[in-house]
Amino acid sequence: MGDFFLKRVYEPYDESDGFRILVDRIWPRGISKEAARLTAWEKEVAPSPDLRKWFCHKPELFEEFRAKYLEELRTDEQKQKIINEIYTLTSKGRVTLLYGAKDPVYNHAIVLQEELNRIIDEVKA
């Protein structure tokens, strides 16, 4: 089983990406579905609309956003189902989580990757 990798959806496709899963709720501007070359678009695993709007990609809100998003990931049944589906893919190959945010440090995909890697670590233990 491998880890989960992150990549901006605007970066060029690479065969080594493996399963390419867009984890944004809103389709990224200026990119076609053909260019994205997705395995899946799991928009329901993204932060809730209210949380996304509240955060607004402000770095000073990131730690609070992180805690609230982790709570959503751990308590929302639909998000849990998607997380399990994404986790299952690691037994078949590399999984790349795609996101559209400009900031590579303060975005929801970082938090999702952290949660997925936590699950892998728990299973390995």
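Below, all heavy atoms of this structure are taken into account, side chains as well, without hydrogens, waters or symmetry copies.
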Is the shortest heavy-atom distance from the side chain of L112 to the side chain of V45 under 4.5 Å?
yes

Taking the side chain as every heavy atom from C-beta outward, state whether R66 and H108 have any pair of such atoms under 4.5 Å apart.
no

Side-chain donor/acceptor of [X] to backbone N/O of [Y], under 3.5 Å:
X: N107; Y: D103; answer: yes
X: E64; Y: L61; answer: no
X: Y10; Y: R29; answer: yes
X: T39; Y: R20; answer: yes
X: H57; Y: K102; answer: no
X: R25; Y: A46; answer: yes
X: K7; Y: P12; answer: yes
X: W41; Y: D24; answer: yes

Following the transitive rule for hydrophobic clusters with a side-chain heavy-atom cut-off under 4.5 Å over Ile, Leu, Val, Met, Phe, Trp and Tyr, establish whether [X] and [Y] coincide in one cluster.
X: F19; Y: F4; answer: yes
X: V123; Y: I82; answer: yes
X: Y69; Y: I83; answer: yes
X: L98; Y: Y106; answer: no
X: Y99; Y: L51; answer: yes

Where is the tightest heavy-atom contact between [X] and [Y], given as atom of each residue plus distance?
X: L97; Y: I86; result: CD2-CG2, 4.3 Å
X: S48; Y: K79; result: N-NZ, 4.3 Å
X: V23; Y: A109; result: CG2-CB, 4.2 Å
X: F5; Y: Q113; result: CA-NE2, 4.0 Å
X: P28; Y: V9; result: CG-CG1, 3.5 Å
X: V105; Y: I110; result: O-CG1, 3.6 Å

Could you go step by step and tell me if V95 and Y87 meet the side chain to side chain contact (heavy atoms under 4.5 Å, CB included) rule?
CA-CA 9 Å; V95 176; Y87 168 79; over 6 Å; no

Could you measure the distance from the [atom1] atom of [X] to the [atom2] atom of [Y]? Nearest 0.5 Å is fine.
X: L73; Y: K68; atom1: CG; atom2: NZ; result: 14.5 Å
X: Q80; Y: D76; atom1: CD; atom2: CG; result: 8.0 Å
X: L38; Y: T96; atom1: CG; atom2: OG1; result: 11.5 Å
X: L22; Y: K43; atom1: CG; atom2: NZ; result: 10.0 Å

Kindly check if the number of other-residue, nucleotide or ligand heavy atoms within 6.0 Å of [atom1] ([X]) is above 12?
X: E122; atom1: CD; answer: yes
X: F55; atom1: CZ; answer: yes
X: E77; atom1: CD; answer: no

Electrostatic pair E44:K81 at N-O distance under 4.0 angstrom:
no

I'd like to know if E115 pairs up with R118 as an ion pair, taking the criterion as any Lys NZ or Arg NE/NH1/NH2 lying under 4.0 Å from an Asp or Glu carboxylate oxygen.
yes

Decide side chain to side chain contact (heavy atoms under 4.5 Å, CB included) for L89 and I21; before the verdict, give the C-alpha distance in whole Å, the side-chain angles of both, and the deciding distance to 0.1 Å.
CA-CA 11 Å; L89 289 176; I21 302 172; 3.5 Å; yes

Can a donor-acceptor pair be found between the side chains of S16 and D14 at a distance below 3.5 Å?
yes

